[in-house]
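One structure is given below, encoded as structure tokens.
Residue numbering restarts at 1 for every chain, and letters A, B, ... go by the order of the sequence lines.
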2 protein chains.
Amino acid sequence: MSSTPSFSPLYQQIKALILQSLQAGEWKPAEPIPSEMELAARFHVSQGTVRKAIDELAAENLVVRRQGKGTFVATHAEQHVQYRFLKLVPDSGSLDSEGPAERTIVDCKRLRAAADVARALSLRTGDAVLQVRRVLAYGGVPTILEDLWLPGSPFKGLTAERLAGWRGPMYSLFEAEFGVRMVRAEEKIRAVLPDTAQAALLRVTSATPLLSVERVAHTYQDVPMELRRGLYRTDTHHYRNELG
Amino acid sequence: MSSTPSFSPLYQQIKALILQSLQAGEWKPAEPIPSEMELAARFHVSQGTVRKAIDELAAENLVVRRQGKGTFVATHAEQHVQYRFLKLVPDSGSLDSEGPAERTIVDCKRLRAAADVARALSLRTGDAVLQVRRVLAYGGVPTILEDLWLPGSPFKGLTAERLAGWRGPMYSLFEAEFGVRMVRAEEKIRAVLPDTAQAALLRVTSATPLLSVERVAHTYQDVPMELRRGLYRTDTHHYRNELG
DNA sequence: CAGTGGTCTAGACCACTGG
DNA sequence: CAGTGGTCTAGACCACTGC
């Protein structure tokens, strides 16, 4: 029924079209997308086909279904759990018994990308990047030290003040202020010892083993938009993972 | 159309019924389950309803769909990738460029469960458990040291010889010889320093930070059936995780 | 070729939300 | 109440597998 050429299941084509609209910003984060009926009419397919397309988008966390209300563009802000990508949890503390993290921006500057940073972000060595270093503390105990690198152009105008003044997850600032939506990420985890600067910021000795978590976060189309190197203290917290 | 009482969507009830059959061993690992049409007839529902039930089972990796052939009971054996639950990968090596692990059983004995082990396995302190210690090496380099605890009764008859003689993943031995199918697991990851015995087995100094991975693996109904504490060297490998 | 899972449709009805 | 997503059905046809 659709006029789209090529061959793949219809619902995949519909999914791709919806994805384009999401990416183009036709609907803003946390806003509803058109109803299944409307989309079915727009694309000249049955509601069931639209449904299957949206089912996949929902499974990939790009969109959130809410019965009786509609389907909404996913966001890192009002996410039922904040910090969607952070898997570090307190050892004993039940659920979110732990208050919000106390955040401190240690450093924030523009510089030219080193080779490894450039490669991770699909830039060329020497391209402008923004580097941020911050510490997250829980109950006064510094627990996470993060260095992160962002490509210069999409994040033009991002400053330490902007970061420090923001309430809520950093990724929701990226969405609201720069239109950059992180959709998927991959992490490489190692055990390391901190250098003296790192040890000082986390208030541990340099003989304390720490979790090194290197994350590359991607927007749509698997475009890498952030490199983040975290050092996690694991004496009071642990990295929690589910295996299916 | 179904006669099952209570209220939940029909396809959920069907899913539960199929799950019961899986659990009861009506169909063995790697064997096909009845076709959608047959199941629809058996349960007096439409094929579409069975389909949705099976879709969920497939999403949970309990079952594998193969177009034109049928739907098969998932197994840890012929899994397209072996070691379904092992997320440690070589740093540079592309995919499975790395040969199979060289496995060494260091120890295997029956003893009474300590409090922490008992709690993880939902046993009582002092209940019989089997404890195994083994080392996995890649290219002659010992990389993983694992201690694991299994509840005594389901694994009656498991010996070091049985383990050492088995080709393929340990979980596929559990399936084939003891009818125990691990379906889900959760891991708690920390950075630690090894004690002297651990350091010796991995041939590192006791100042080498290692990844501590504590896994609890569950069968059907979320019954815990294995506690596994792994120490991973992360100088040549890393723990890889995907975040959706 | 027959049998399997995979797609697509059209229509009915249910459950939840909000005005 | 009307509008949304969620379930269920029945039937047609497609794509892949193996005999």
* Under 4.0 angstrom, heavy atoms only, what part of the nucleic acid is A:R66 near: base, sugar-phosphate, or nothing? -> sugar-phosphate
* To do: Before accepting this row, confirm whether a basic side-chain N of the pair A:D91/B:K188 lies closer than 4.0 Å to the acidic partner's carboxylate O.
  => no
* To do: Output all residues satisfying ring-ring contact (aromatic ring centres under 6.0 Å, His included) with A:H237, sequence neighbours left out; order by chain, then residue number.
  => A:Y138
* With sequence neighbours left out, what residues match A:Y171 under ring-ring contact (aromatic ring centres under 6.0 Å, His included)? -> A:H76, A:F85, A:F174
* Structure fact -> Heavy-atom nearest pair, A:R190 first then B:L211, reads C-CD1, 3.7 Å
Closest to side chain of [X], choosing from [options]:
{"X": "A:K52", "options": "C:dC8, C:dT7, D:dG6", "answer": "C:dT7"}
{"X": "B:S46", "options": "D:dC8, D:dT7, C:dG6", "answer": "D:dC8"}
{"X": "A:P9", "options": "D:dG6, C:dT9, C:dT7", "answer": "C:dT7"}
{"X": "B:Y11", "options": "D:dC8, C:dT9, D:dG6", "answer": "D:dC8"}

* For DNA chain D, find the residues of residues 24-36 of chain A with a heavy-atom distance under 4.0 Å and give them by number; none if there aren't any. => A:S35, A:E36
* **Any residue meeting side-chain contact (heavy atoms from CB on, under 4.5 Å) with A:P224, in chain and number order, not counting sequence neighbours** => A:S122, A:V216, A:H218
* Asked: Taking only residues two or more places apart in sequence or in another chain, which ones pass side-chain contact (heavy atoms from CB on, under 4.5 Å) with B:V183?
  ->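 In terms of side-chain contact (heavy atoms from CB on, under 4.5 Å), with neighbours along the sequence ignored, B:V183 is linked to B:L62, B:Y220.
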* To do: Using a cut-off of 6.0 Å, state whether more than 12 heavy atoms not belonging to B:R42 lie near its atom CZ.
  =>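 Yes - once you tally the heavy atoms of other residues, nucleotides and ligands closer than 6.0 Å, there are more than 12.
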* To do: Could you check A:Q12 against B:I54 and say which one's nearest nucleotide on DNA chain C is further toward the 5' end?
  => B:I54
How long is the line joining [atom1] of [X] and [atom2] of [N], in whole Å?
{"X": "A:Q13", "N": "C:dC8", "atom1": "CD", "atom2": "C1'", "result": "12 Å"}
{"X": "B:E38", "N": "C:dT4", "atom1": "CD", "atom2": "P", "result": "6 Å"}
{"X": "A:I18", "N": "D:dG5", "atom1": "CD1", "atom2": "C1'", "result": "14 Å"}
{"X": "B:M37", "N": "D:dG11", "atom1": "CE", "atom2": "C1'", "result": "10 Å"}
{"X": "B:H44", "N": "D:dA10", "atom1": "NE2", "atom2": "C1'", "result": "17 Å"}
{"X": "A:K15", "N": "C:dG6", "atom1": "NZ", "atom2": "P", "result": "16 Å"}
{"X": "B:Q47", "N": "C:dG5", "atom1": "CD", "atom2": "P", "result": "8 Å"}
{"X": "B:L10", "N": "D:dT7", "atom1": "CG", "atom2": "P", "result": "11 Å"}

* Asked: How is the base pairing of DNA chain D summarised as a dot-bracket string, given the Watson-Crick and G-U wobble criteria with both distances under 3.5 Å, [ ] for crossing and | for another strand?
  -> ||||||||||||||||||.
Please list, pair by pair, any protein nitrogen or oxygen found under 3.5 Å from a nitrogen or oxygen in nucleotides 16-19 of chain C.
residue : atom : partner : partner atom : Å
C:dC16  : O4'  : A:Q67   : OE1          : 3.1

* Asked: Among all residues two or more places apart in sequence or in another chain, which pass the salt bridge (Lys or Arg N to Asp or Glu O under 4.0 Å) test with B:R215?
  ->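 Checked B:R215 against salt bridge (Lys or Arg N to Asp or Glu O under 4.0 Å); matches are B:E187.
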* **All salt bridge (Lys or Arg N to Asp or Glu O under 4.0 Å) counterparts of A:R228, not counting sequence neighbours** => A:E146, A:E226
Sequence neighbours excluded and cut-off under 3.5 Å, please list the side-chain donor-acceptor pairs for residues 154-161 of chain A, or say none.
residue : atom : partner : partner atom : Å
A:T159  : OG1  : A:E161  : OE1          : 3.3
A:T159  : OG1  : A:R162  : N            : 3.2

* Any B:T49 side-chain N or O less than 4.0 Å from OP1/OP2 of D:dC8 ->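 So the side chain of B:T49 is outside the cut-off, no N or O lying under 4.0 Å from OP1 or OP2 of D:dC8.
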* Partner residues of A:T49 under the side chain to side chain donor-acceptor pair (under 3.5 Å) criterion, sequence neighbours left out ->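 With sequence neighbours excluded, A:T49 shows a side chain to side chain donor-acceptor pair (under 3.5 Å) to A:S46, given in chain and number order.
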For residues 15-23 of chain B, tabulate all N or O donor-acceptor pairs below 3.5 Å that involve a side-chain atom, not counting sequence neighbours.
residue : atom : partner : partner atom : Å
B:K15   : NZ   : B:E56   : OE1          : 2.9
B:K15   : NZ   : B:E60   : OE2          : 2.7
B:S21   : OG   : B:E26   : OE1          : 2.9

